[in-house]
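Each remark here refers to the structure printed beneath this line.
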2 protein chains.
Amino acid sequence: MDVTGHTTSSRPKAASIRDVAKAAGVSHQTVSRVINGSSKVKEATRDRVLAAVEELGFRRSATAVALAHGRTRALTVLTGNTTLYGYAAVLQGIEEASRAAGMSLAISVLESDEETAVRAAVEHAVDDSGALIVIAYDKAGVQAQRMIPEDVPHVVAVETPADDEGRQRPWIWTDDRAAAAEATRYLLGLGHRTVHYVAIPLLTESSPRAAGWRTALLEAGAPVPEPLGDGWDTKAGYEAGRMLAADPSVTAVLCGNDDLALGVIRAMHEAGRAIPGEVSVIGFDDAPQSAYFTPSLTTVRLDFAGLGRACFSLLHDQIAEPVIAPHLIIRESTGSPA
Amino acid sequence: MDVTGHTTSSRPKAASIRDVAKAAGVSHQTVSRVINGSSKVKEATRDRVLAAVEELGFRRSATAVALAHGRTRALTVLTGNTTLYGYAAVLQGIEEASRAAGMSLAISVLESDEETAVRAAVEHAVDDSGALIVIAYDKAGVQAQRMIPEDVPHVVAVETPADDEGRQRPWIWTDDRAAAAEATRYLLGLGHRTVHYVAIPLLTESSPRAAGWRTALLEAGAPVPEPLGDGWDTKAGYEAGRMLAADPSVTAVLCGNDDLALGVIRAMHEAGRAIPGEVSVIGFDDAPQSAYFTPSLTTVRLDFAGLGRACFSLLHDQIAEPVIAPHLIIRESTGSPA
DNA sequence: CTGAAAGCGCTTACAG
DNA sequence: CTGAAAGCGCTTACAG
């Protein structure tokens with residue numbers, strides 16, 4: 001009737017399987033068969049359904065499919081950062097692998113390590129996708145990992161494996177400790193009296209890069225200077241670099257990542273200290289730019305993308321349909337022929 | 001019976017709202033009220049429900065909620081890359097904004113610009129989340145954008161707005177053209193006879209950075225050299241840089257991004273050409289490292305994160321519940337008092 | 001080859 | 001304040 005004001009909703013409601021069924025003059029189950037490529041549909045029926053699908057612009061609802069199937073093909077990664085090289089490269093590896101497996105990838109950034117914020121992110125992620133990967137290279141990630149309910153499939157990329165109050169966790173890590181020790185020994189082998197360390201933020205005193213560095217120094221009987229650094233980025237490296245540049249006894253510096261190394265190099269340059277003439281610098285990660293610094297950077301290459309892929313496959317193993325193995329039960333009804 | 005082999009599914013089925021209801025001795029609607037914080041529930045009832053929730057480890061299914069509500073609070077971004085600075089920073093802006101709005105963020109990388117691959121990614125994204133942001137700074141992104149059905153809410157970050165066969169599209173862009181022109185004029189103003197350009201991959205001959213550069217040269221009556229470059233990364237810059245270094249007439253170089261500029265600087269350095277003494281170099285983007293190069297890089301700062309946030313809010317406007325405005329229909333039943 | 005029934009886990013009215 | 005009913009859009013058996 002003309003007396004009612006008409007309300008135009010901006011977006012027409014999407015066609016459902018039943019709308020298609022009606023348009024094609026079949027049941028909705030038949031539509032389901034067609035869109036799922038079941039072979040048991042008469043050619044003519046299929047064509048009518050397809051025509052209706054086309055005409056109505058039907059798109060099947062992924063959430064309805066997920067509900068009906070009782071599972072989501074989604075995975076979310078919880079990470080403190082997406083732009084720093086290491087994090088971004090791990091993410092890239094995860095993305096490649098999950099895409100190859102046909103899973104959707106959600107990402108949720110942990111902006112702070114404040115308890116309630118982290119908890120909110122974890123809970124959102126948990127009921128959003130049922131499977132998680134957390135990149136726990138910082139406090140926020142470590143916090144997040146502790147809050148994941150035991151029955152949620154998950155994998156954690158960690159600095160170093162550790163006992164988490166006795167719970168077994170699916171950790172993944174690289175042997176940064178050995179790498180840091182090797183880099184330190186290399187510098188020592190070059191004749192440096194000792195090696196200074198500009199750290200990425202330490203999760204614990206025994207963070208693997210720091211630990212490897214310290215171990216190598218102790219092994220060699222070299223003095224162990226106080227580590228510097230309080231950040232991940234170039235600026236933090238630059239600031240640490242200025243302190244080091246002011247100390248003429250400093251001749252070798254190991255850095256927790258390549259960004260820090262760039263900052264140190266810049267600070268040394270400003271202070272007029274030649275690299276590598278007067279001061280040697282080593283980075284960590286081998287970001288794609290590092291080979292093009294001036295001077296090009298000696299560094300430790302880490303296969304972050306490979307690590308990301310490994311995270312995914314470990315997770316995938318957890319969520320894959322368990323193969324129910326049939327067992328032969330041997331009782332009394334069988335025996336060798338007489 | 002003992003004759004059947006028993007099959008243990010590895011993961012116990014999660015508790016539903018009905019399981020909780022049964023455990024608490026109420027209806028499932030009441031459970032729904034409690035978990036949604038409805039006030040109209042008796043204290044005692046609420047407590048029993050909460051206890052059951054706790055005991056059963058109940059977690060509400062986001063997909064069921066989405067189905068019942070008829071909408072997904074999810075958004076997926078389609079992008080050709082996640083690690084290059086520009087892409088990563090846009091992504092970061094989108095992530096911040098969508099997290100603030102309580103929406104889930106999925107990401108799907110377009111690995112190639114091959115038609116079927118892109119189509120698959122778009123379709124997956126469409127029925128996965130119903131709302132899309134595409135970063136169309138490369139061919140894959142441009143392809144993807146063309147395949148998005150008209151009725152799917154979406155926003156596209158583009159190099160430059162263009163008519164897409166007449167369809168109006170929700171584009172977002174920055175004025176790179178003006179910025180490139182300004183940078184070029186700055187170099188010209190320094191006294192350089194002309195400015196060479198190392199391009200990021202060109203979408204069209206009139207890609208805005210290239211166009212701005214060319215315009216500024218023409219304006220000034222300066223010769224317009226052939227642009228170089230065939231990639232996004234430092235290596236591509238390095239290779240272009242070697243060609244430029246071999247040409248003694250080259251004194252100023254504008255680069256399509258900071259990574260390219262780093263490569264050019266490295267190549268110039270190797271060729272013994274001083275920067276900025278003999279050759280001036282300008283980048284684009286202002287990545288966080290660029291201020292710490294040696295020499296520190298003159299560049300064009302772009303607010304990628306802001307652009308990402310803008311993408312989100314434009315999208316959010318599209319998917320927000322349309323406010324249905326009531327209209328006063330004036331007919332014959334009303335008039336001024338006698 | 002095709003349809004009627006039941007269910008996935010929730011929410012939204014509607015009656016008490 | 002609380003429950004019975006219907007529905008969101010699909011899928012999985014089960015009968016023809």
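The analysis underlying the following values was restricted to heavy atoms, covering all of them including side chains, and did not include hydrogens, waters or symmetry mates. So you know, we letter chains A, B, ... as the sequences are listed, proteins then strands, and number each from 1. Everything quoted here is computed from the prediction, not taken from an experiment.
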Any side-chain N or O of A:T30 less than 4.0 Å from the OP1 or OP2 oxygen of C:dG3? yes
Does A:S27 put a side-chain nitrogen or oxygen below 4.0 Å from OP1 or OP2 of C:dA4? no
Sequence-distant partners of A:E115, salt bridge (Lys or Arg N to Asp or Glu O under 4.0 Å), two or more places apart: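 In terms of salt bridge (Lys or Arg N to Asp or Glu O under 4.0 Å), with neighbours along the sequence ignored, A:E115 is linked to A:R119.
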What residue pairs, at least two apart or across chains, pass side chain to side chain donor-acceptor pair (under 3.5 Å) with a residue in residues 129-141 of chain A? A:Y87-A:D138
Considering residues at least two apart in sequence or located in another chain, which fulfil the side chain to side chain contact (heavy atoms under 4.5 Å, CB included) criterion with [X]?
X      : result
A:A310 : A:I172
A:N36  : A:S32, A:R60
A:S313 : none

Is the closest side-chain donor-acceptor distance between B:T83 and B:N81 under 3.5 Å?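 Side-chain D/A pair, B:T83 to B:N81: present.
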Scan nucleotides 8-16 of chain D nucleotide by nucleotide, 5' to 3', and note B when protein non-hydrogen atoms come under 4.0 Å of the base, S if they reach only the sugar-phosphate, - if neither. BBBBBB---
For residues 40-63 of chain B, which residue pairs pass the ring-ring contact (aromatic ring centres under 6.0 Å, His included) check, not counting sequence neighbours?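 Sorted pair list comes back empty.
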Please tabulate, one pair per line, all N/O donor-acceptor pairs under 3.5 Å involving side-chain atoms of residues 91-102 of chain A, not counting sequence neighbours.
| unit_1 | atom_1 | unit_2 | atom_2 | d |
| --- | --- | --- | --- | --- |
| A:E95 | OE1 | A:R99 | NE | 3.3 |
| A:E95 | OE1 | A:R99 | NH2 | 2.8 |
| A:E95 | OE2 | A:R99 | NE | 2.9 |
| A:E95 | OE2 | B:V109 | N | 2.9 |
| A:E96 | OE1 | A:R309 | NH1 | 3.2 |
| A:S98 | OG | A:I94 | O | 3.2 |
| A:S98 | OG | A:E95 | O | 3.2 |
| A:R99 | NE | B:V109 | O | 3.2 |
| A:R99 | NH1 | B:E111 | OE1 | 3.2 |
| A:R99 | NH2 | B:E111 | OE1 | 3.0 |

Map every base of DNA chain D to its dot-bracket character, where paired means a Watson-Crick or G-U wobble contact with both distances under 3.5 Å and | marks a partner outside the strand. |||.||||||||.|||
